[in-house]
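Report on the following structure.
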Amino acid sequence: MLMALSLLAGILWADWAAPPPLPVLLLAGLAVALVALDVVMRLPGSLVFICLATALLGGGLHASRIYPSPADPMCLAARDALTLTGGVSRVIAASEFRQRIELSVTGAVSQGATIPVRGKLLCNLPPEPLVAPGQMLLLTEVVIWSPAGITSPGQWDQKRTLARQGIHAIGRAEQVTIAAPQPLWRAALDTAIARLRSHVVSVLQAAMPGPEKQLYADLLAGMVFGMYNVQLPRDIIDAFRNSGTVHLMVVSGAHVTLLAGAIIFLVQGFRVRLPWWIIVFVIPPLLLYALVAGLRASVLRSLAMAVLLVLSMATGRRYDFWTALSIAAIILCIADTSAPFAIGVQLTFAAVIGVVVFYPRKQETARHHGFDIRRYVLPAAGMTLGAWLLSTPIIAHHFDMLILGGIAANLIAVPLRVFILWAGFIAVLLGSVWLPLAVIPCAIARAFLFVTLWVVRGFAAMPGAAMSGFHMPLAAMMAWYVAAAVIWWVLYGKTRPPVPERAQRRQWAVV
């Protein structure tokens, strides 16, 4: 956890100070040398050196992104008649009017002179021909300019946002030629994933009974594999957003946990200690599910924590949530130092921390016997309250919206999601074997979807459920989190004994 916090501190410092990357990386190397010297000579202060090295490493990596090199495409901003060559890193948007891509520029020609250029460029292209990640492009009649910074208070800082991604220039090309196709492995992988997504949706659409089968099939596919893989009506998406339940349409730890738990149960039953070979049966399906759902922040965090959970069960070591969360944060930040500034990353970490911190673990809720409604209501209420308290300031800060009805709506909708996910996974699995087998789980899922949709629409239509135009600045966010800490202390601060050992061994960790 200290390493994760140190890495985050280094990234935030570099984002604020924008230092040259080379000195920071040299200092990081010096700190690593001090750590090695401490290991050999057993000097005091090893933890300080490790945290310092981690912070400097994060600062150096982020500084190399936000500090443009002399060969960055931004040096071409004042030139005319440009011709660029480069590879498509990712396709950001595509419509009938234009395409927007992230281009890794490898060379440029201006007025017959070759210019050595290396770096990323946010480029707008004509709608045809369609481009794909991995292709090499030849762009002609290119115009490049610098992104705009802040000119008035409260304005979106495009320059800083793009710099965090390593992009310091924007371009527009009039003509596009595909110089080289996608690598064979990339094209095969993209084709396989696209076919698998289409297969999932087609199975659910064909097996869904009753009227409006298209709507309920897309809704089920969206809740199981993420709303980005289906085309849902705008009013339904707005209803989920205004009721504070839009997270139900995003793949999170609940999806990954259910999938991993189902695979482990089918192979090993209820055993806590797993053999090493179980990894072969669990991790590849999780990776495939992550690819189909889309490698977004919540999916990557959940996947990393689920892999650590499986490894802990295979090695017989105790799974520690905070260690797993810290390792997931370190992986995300090293892979992409702009991750802490992404809204999706902030929301997924805030929500999972709120769920775990506000989960009730008082002794009277852990040791009673027989059926007691408190065993279900108290955990659901605590987790919902925690997720709402920690994610609301982020939503209000980025989207200028305060969701007030989220707690009550989630108390009903979140438990229903568990049955919907189970029914959805079973329907896809059985429907892939023989389509009529998926009718019954789809019918069960439809009943729960009907109730969920009724609840979501009802809370979204309530007066004051969502307040638009409510912006929360950083100072107000800090005050909100202080108030959340006070609420936690009132609820759990005085008596918070640990979970009994027997329950702790059998309890699935939140991923």
Those residues that, when tested against [X], pass side-chain hydrogen bond (donor to acceptor under 3.5 Å, both in side chains) (two or more places apart):
X	value
Ser110	none
Arg118	none
Thr106	Thr85

Extract all donor-acceptor atom pairs below 3.5 Å that involve side chains of residues 344-356 and protein atoms in other chains or at least two apart in sequence.
{"residue": "Gln346", "atom": "OE1", "partner": "His398", "partner atom": "NE2", "Å": "3.0"}
{"residue": "Gln346", "atom": "NE2", "partner": "Pro340", "partner atom": "O", "Å": "3.0"}
{"residue": "Thr348", "atom": "OG1", "partner": "Arg301", "partner atom": "NE", "Å": "2.7"}
{"residue": "Thr348", "atom": "OG1", "partner": "Arg301", "partner atom": "NH2", "Å": "3.4"}

Under the rule for salt bridge (Lys or Arg N to Asp or Glu O under 4.0 Å), what residues qualify as partners of [X], not counting sequence neighbours?
X	answer
Arg90	Glu102
Asp80	none
Asp336	Arg65
Arg197	none

| field | Those residues that, when tested against Tyr67, pass ring-ring contact (aromatic ring centres under 6.0 Å, His included) (two or more places apart) | value |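 ring-ring contact (aromatic ring centres under 6.0 Å, His included) check on Tyr67 returns nothing, list empty.
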| query | For Phe225, which residues count as a ring-ring contact (aromatic ring centres under 6.0 Å, His included) partner, sequence neighbours excluded? | reply | Tyr289
| message | Enumerate the side chain to side chain donor-acceptor pair (under 3.5 Å) contacts for residues 467-483, please, sequence neighbours excluded, ordered by first and then second residue. | response |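 Qualifying pairs: Asp400-His471.
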| request: Using the test side chain to side chain contact (heavy atoms under 4.5 Å, CB included), find all partners of Pro68 that sit at least two apart in sequence or belong to another chain. | output: Asp72, Met74, His168
| message | Ignoring hydrogens, what is the shortest heavy-atom contact between Ile403 and Trp388? Give both atom names and the distance. | response |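 Scanning both residues completely, I find the closest heavy atoms to be O-NE1, 2.8 Å.
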